[in-house]
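Only one structure is covered here, and it is reproduced in the block below.
Chain letters run A, B, ... following the sequence lines, proteins first and then strands; every chain starts at 1.
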Number of protein chains: 2
Amino acid sequence: MDSIPQKIPAHEIVYRNIRDQILYGDLPPGQPVTIQGLVENLEVSMTPVREAIRRLTAEGALEFQGNRRVCVPQMGEKRFAELVFARRHIEPKLAELASVNMNGQFVHKLKAIDLQLDEAIAKGDVQGYMCHNHRFHFALYAQSNSQVLLPMAKTLWLRYGPLSRIICGQTGTQNLADHHEEAMESIARRDHKATANAIRTDIEQGFEIVRNSTGWSGI
Amino acid sequence: MDSIPQKIPAHEIVYRNIRDQILYGDLPPGQPVTIQGLVENLEVSMTPVREAIRRLTAEGALEFQGNRRVCVPQMGEKRFAELVFARRHIEPKLAELASVNMNGQFVHKLKAIDLQLDEAIAKGDVQGYMCHNHRFHFALYAQSNSQVLLPMAKTLWLRYGPLSRIICGQTGTQNLADHHEEAMESIARRDHKATANAIRTDIEQGFEIVRNSTGWSGI
DNA sequence: ATCCGCATAATATGATCAAATTTTCTGTGG
DNA sequence: CCACAGAAAATTTGATCATATTATGCGGAT
């Protein structure tokens, strides 16, 4: 009937482990990542680790260092501008597509996540904020049933994550009033363009915080 | 001084091999790709093949088949629409960024590629068309020095390739008047927005051919 | 400062185990 | 007697590991 135990392969475990560490900023930019180190920490052999690293490198979450080493990529003004450009175009569209497929049942799940998010903000829990904000956006985007834009958004967040974490670590969770309520209202009204706009405003606000902290323009 | 022999690793060889086959449509959509098969054909061992497949899967060039097999993804109207949306936004921007960094020296290289392209079109050489058209676009885009948008464009072409090949195989290379001249003129005039528009028109024309052949809307 | 060995980490292979698919075998019903 | 469904064996393919090989970076000696 439903999910039989389903053994998750080792390479998938390793992948998720590193991915989440990057996504939530546990691995700071510039941090080198070695195969051997992961073999020892995660107690698996080289092959699955190598597969996970190739995958993460392809997704832009890790970067080759010329000589055969990989590390978490460094962020700069130019790269930030590109991330802003791509997120601006892709995520509102995903929100719109998701809004079309959305049902009342699912809005409750979003509300539940948003509640946890607000709690984390109130407590000043940066790690919790990173986690639940990600969960909210991708619970929404997943409803788009998109096979192209959704993976793209995932890689954009993987690249954006470490920076986001640093900024939040500096400025705290105080100024993080989001536009999730607005998005959920739009979904309920079935005003799909409004949903897209709410998400656009939400992520633009995030960009603004980064700009203020770094002095980058990121037009 | 410059490029010392630099041994290319086996996983990279395998990766490029499969990637090019997908890009130029030698592997049709639905084609299953097995690890064992590649091990035998390319005469390398499993690990490098596995790495190449993980990487290509992450890039959307291959797709998991539930049971642990992979194949070249199937194209459909919905997926096509998403590819159109993404390419429309990303590639003109890449062309614009490239245009800014471009010098006269490099325009000659583009012209040379475009000449080969025209030749392939004249001869009705579909394979050559696929190859040189790709070379033209990415020789241009590469000048953007983009670290985010360029990889995204690469994965979009990987997903788009097999379809493009099928359509060209059906309709031939007759109706493939491109807008590359226009783009190169804009670059020479240093009118970066015009370069973006020329590329936009170029790819839109490609979409139109697909729409006409398939009946898909892909707005 | 440059060169040479040593330590370390990455690359690549073949063997082994597990899962899935295909083939073969067998018994039942028409 | 033949056709077919279902089960069990055999084969193929994928996943993981331990190990050998190769390249890179480091540190000391010239």
*asked:* I'd like to know whether E63(B) forms a salt bridge (Lys or Arg N to Asp or Glu O under 4.0 Å) with R79(B), so could you lay out the CA-CA distance, the side-chain angles of the two residues, the decisive distance to 0.1 Å, and finally the verdict.
replied: CA-CA 13 Å; E63(B) 208 170 47; R79(B) 185 178 292 229; 2.8 Å; yes

*asked:* Looking at T57(A) and I53(A), would you say the former's side chain and the latter's main chain have a donor-acceptor pair under 3.5 Å?
replied: yes

*Give T47(B) one of three labels, base, sugar-phosphate or nothing, depending on what nucleic acid heavy atoms sit under 4.0 Å from its own.*
base

_Per R69(A) side chain, nearest of listed nucleotides dA9(C), dG14(D), dC17(D)_ = dA9(C)

*With respect to the phosphate group of dA15(D), does any side-chain polar atom (N or O) of R54(B) fall under 4.0 Å of OP1 or OP2?*
yes

_Rounded distance (Å) that lies between atom P of dA18(C) and atom CE of M46(B)_ = 16 Å

_Rounded to whole Å, how long is the line connecting atom CZ of F64(B) with atom C1' of dG14(D)?_
10 Å

*Between R54(A) and R55(B), is there a donor-acceptor pair closer than 3.5 Å when you use the side chain of the first and the backbone of the second?*
no

*Round to a whole Å and report the spacing from CD of E40(B) to C1' of dG14(C).*
15 Å

*Atom pair distance, as rounded to whole Å: CD in Q65(B) and P in dT13(D)*: 15 Å

*Could you state the CG-P distance from N41(B) to dT13(D), rounded to the nearest angstrom?*
12 Å

*Value in whole Å for how far the C1' atom of dT16(D) lies from CD1 of I35(B)*: 12 Å

*Establish, yes or no, whether a centroid distance under 6.0 Å links the rings of H89(A) and F85(A).*
yes

*May I have the distance from Q36(B) (atom CD) to dT13(D) (atom P), rounded to whole angstrom?*
6 Å

*Given dA12(C), dG14(D), dT24(D), the nucleotide with the shortest approach to the side chain of N67(A)*: dT24(D)

*Classify the angle between the aromatic ring planes of F136(A) and H180(A) as parallel (below 30°), tilted (30 to 60°) or perpendicular (above 60°).*
parallel

*Between dC17(D), dA12(C), dA15(D), spot the one nearest the side chain of P9(A), thanks.*
dA15(D)

*Candidate nucleotides dA19(C), dT11(C), dC17(D), ranked by approach to the side chain of R68(B) - the nearest*: dA19(C)

*How long is the line joining CZ of R50(A) and C1' of dA12(C), in whole Å?*
8 Å

_Side chain of T34(A) (C-beta onward), nearest among dA12(C), dA10(C), dT16(D)_ = dA10(C)

